[in-house]
Amino acid sequence: MSLAADAFVSQMAAAEPWPESATLYQPLKEDQILLSDCASSLAVQAYLRMCSLPVQVVCKANAEYMSPSGKIPFIHVGNQVVSELGPIVQFTKAKGHSLSDGLDDVQRAEMKAYMELVNNMLLTAELYIQWCDDATAAEISRPRYSSPYSWPLSNILAYQKQWEVRRKMNAIGWGGKTLEQVYEDVSQCCQALSQRLGTQPYFFNKQPTELDALVFGHLFTILTTRLTSTELAERIKSYSNLLSFCRRIEQNYFEGKSS
Amino acid sequence: MGTVHARSLDPLPMRGPELGVQADDIEALDIEQEPKQEVLENKDVVVQRVHIDGLGRTKEDLLTYEIAEVFRARNLIDVMRKSHEARQKLLRLGIFRKVEVVIDTSRGEDALPNGLDVTFEVTELRRMTGSYNTMVGNNEGSMVLGLKLPNVFGRAEKLTFQFSYGTKETSYGLSFFKPQPGRFERNVSINLYKVTGQFPWSSLRETDRGVSAELSFPVWKTNQTLKWEGVWRELGCLARTASFAVREESGHSLKSSLSHAMVIDTRNSSILPKKGGLFKIHQELAGYTGGDASFLKEDFEIQLNRSLFWDSVLSASLWGGLLLPIGDKPTSIADRFYLGGPTSIRGFSMYSMGPQSEGDYLGGEAYWAGGLHLYTPLPFRPGRGGFGDLFRTHFFLNAGNLCNLNYGEGPQAHLKKLAECIRWSYGLGIVLRLGNIARLELNYCIPMGVQSGDRICDGVQFGAGIRFL
Amino acid sequence: MAAPDELFCWEGDWGLPSVSTDSLVVLAYAQFAGAPLKLRKISNPWRSPSGSLPALRTNQKETLSRPSEIIIHLRKQKYNADYDLSAKEGADSLAFISLMEEKLVPALIYTFWIEPKNYVDVTRRWYAEHMPFPLNFFLPGRMQRQQLEKLRLLRGDESLEAGEELEKELYRDAAECMNLLSQRLGSHKFFFGDSPSSLDAYVFGHLAPVLKSKLPNGKLQQHLKSLDNLTNFCTNILLLYFPRDGRESSSQKTSPQPEAGDFDHVPNKRRKQFLSALVALGAMLSYALLSGMVSIQHVQREALEEPPDMQPIGSHDHEEEGDD
């Protein structure tokens, strides 16, 4: 979001309390949504639950095009539309809800750094596996992405998206990586997260923060999504504290309430 | 017995590759009768030969149909008349720059004493013509490049290509047109295009990439057109402040539709007609040949004109349309009807009537609009006989309504809804005629019956366009 | 011992061993880990084994391009600057490197390659001056297009253009990132303890060009200079590990050249102006002659005179007749 729009949104946001009718939009759950989008969406849902802010999840086939930045998920609150976790965190902060107020400067620096670690390594790896690995792209990603559309539009959109993601991977230097190297990177990332988490219940001891929501969104989705190979899930399962972390958040925030 | 050496048929106009001849300006064929010709008028002649000189790539068999009538002429005046008609037919093929007719007595061994040779001397259009324009409008400047290949394969096929490169959007179109040899009114046309449009009244941006195939043919007095069209439509918000209803429409969709149109046009001109009427009906069925969009769309247009005393014309027109979604998907904003503006109900802003959300107009699924105009020449008739004839004053009364169809209420309720809350306006203005295609209007309008949510353009309103209510 | 690996990297300037961030990262890490590398500082990327810089050619004739790959390779050769780090510190390294890549790199690309004044006055000029002919005509432009493309893909916006709003957004993120780095560094000499590690190499590589280059639009530089600990961190590393390059820059500074616009640097200006005017005039004249606008007539005396037998007789006759 641009700076001017940011300031405006913050002002507008501060003016009104969180309404009951807030909605979160994502692609169709059963047939369309892909791993990376599902992870991002789950992260936002977890964050909002941690803040005790009610939100209704609505699935629409054109959610990606409805979003102002083109990324999933986005929330429609009052007459504001905000997309992606970063801006959503700022938006809720402007309304007076924040999870990271109790952190000191060094901790906040670490939190932001680790969130970027997840975005830089885990999210990019998910995109790579979905679109740059031919087997996954052909079997899962393209059919799912193009399912709401009829032929030949379905093929055009799927290939267009694939080409776009591949160009991005080349630009950031992931184009030359092999699948093995990507799995290695995921392992490294999980190791770093596992190290940081240690034996604590959440990353910053007692209270969950947006970092916990983000990590949960990605790890839980990877663990529960069927891909062409289980390699990715296996790599995560080798870190037991991460598994128990996921289970803890699931139990505390997602079970017992209708999701 | 002299020879008739009709080098050129005066006083009929000779030049003009386009049919720029304004049909309504030419009264009935008026041939000067010289005393010498009076004798020959009743003389029987036989047209022995009809040549066409100057053909390059045009195939002869195409032209035999156009000139066949000339052979049937029985006397000289008939020959001249039929040659003129044949010349018109040759010109309307759009492949000749110039056509001249030479009527001479037959020469040669088998020449009859009353035999005539008719020769059409034609100049073909160049193989390829190009054009380059720049256009400025709507906060955007663009460069338009056009390429036309008339008569590509020799039988009046036409291939046109247009490319527009703008600061914001680019669009292009390729079109291939083929008439049936002998019957120009029956033709086939295939188009390929990419068009982008920005609609600030709905905060919508639309990019269409499509292909269409069209077949036209006359049936009795009407002109029928059958068309199949496949379009990939991409909708997006024009600004961040677009309403959520428009945001919900963003995305891609594919429309594959069959449509049929029927036109009966007895007017003497399409811009500012003096007499005659127009009846046009158009229907479109989408969804049965593939694609995502699925609907049935009907619309019609009626116009009647009548000349009154003192060179004034009374004109009445009626438009209407209906869009019925098939299946449970709602209609798309790109298919709905829009109403309002200087080309339909004057006094309201462009397409700013009817259902709206946060200032963005969403269009409606049913509408009707009617107009009553009285066209008179300019007061005090300045510039009569020349420039002044292009201007007309008009007094108008427009009315119409646009709404959505909410089912479960039955057609009676819909009709009632269309009849309530009618928007209407009246006023007067000046109309300028541009060639045979477009017109400019400057009106003073008073809108009435304004409903909440409509945007009006009270007072002076300027409009330019092709199709006016 | 096996022959040392060859490292191809960009030349240095402004007191830095190299002007490019990636090359700096690799150079710094190599110094920190004490890896013996044969340095080849060039300014022609086409001479590098992989077509881009930096590139490491190992003695198995393998070529590695990405800094992360090069560092992993050096680590495998037992040149490991992260040996003393605990597991948590290693995790923090990874996190902060990711932070820089997500928040700082877009701003760096913008400020060096996309911002019009900076690009034309500094970046393009540097590359054009240092690249050999004929690459200096088209390669900087191509590099700029690649960088713009990369920024567009990173931001996910195909129609991205240089502009004030974009600049504010990117610089805001970059400023926040620098603040976070500054907070993490605190008052330590290096990020983890007393000896530098790979994170230090990355931070140095990203911040040093901003600190040392003289950009007309220097908002990022100002912000960096306001963060004392980061500034000291960079100068410290330069002093300790790249003393020679620092000295070179100071020697350059003793002979300052007037930084006037491009035009004044052209040698033999007068002569070139005269020659170009002459060529233009010659072209116009020859066009006029060839197209017939101007024609030169040969005036020969013989042709102008009347045939000798006619005129004198005629005049005689006339004269005689006149006399009558």
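Every value quoted in this text rests on a predicted model; they were computed, and no experiment measured them.
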Query raised in the report: Is A/Arg235 salt-bridged to A/Glu184, cutoff N-O under 4.0 Å?
Result: yes
**Report entry** Sole residue of A/Tyr202, A/Phe216, A/Phe203 in side-chain contact (heavy atoms from CB on, under 4.5 Å) with A/Pro208
**Finding:** A/Tyr202
Query - Winner by heavy-atom pair count (cut-off under 4.5 Å) against chain A, out of C/Glu102, C/Lys150, C/Arg152 - result: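 Most pairs with chain A among the choices: C/Glu102.
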Query raised in the report: Which one, A/Val106, A/Asp105, A/Asn170, leads in non-hydrogen pairs under 4.5 Å with chain C?
Result: A/Asp105
With a 3.5 Å cut-off and sequence neighbours excluded, list the donor-acceptor pairs that the side chains of residues 174-184 of chain C form with protein atoms.
unit_1	atom_1	unit_2	atom_2	d
C/Glu176	OE2	A/Lys112	NZ	3.1
C/Asn179	OD1	C/His223	NE2	2.9
C/Asn179	ND2	C/Ala175	O	3.4
C/Ser182	OG	C/Asn229	OD1	2.8
C/Ser182	OG	C/Asn229	ND2	3.3
C/Arg184	NH2	C/Asp92	OD2	3.2

Query - Flag side-chain contact, heavy atom, 4.5 Å: C/Tyr127 against C/Thr123 - result: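 Result yes, sub-4.5 Å side-chain heavy-atom pair found.
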Query raised in the report: Given that the side chain runs from C-beta out, which part of A/Met115 has a heavy atom under 4.5 Å from chain C: side chain, backbone, both or neither?
Result: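 Neither part; nothing is under 4.5 Å.
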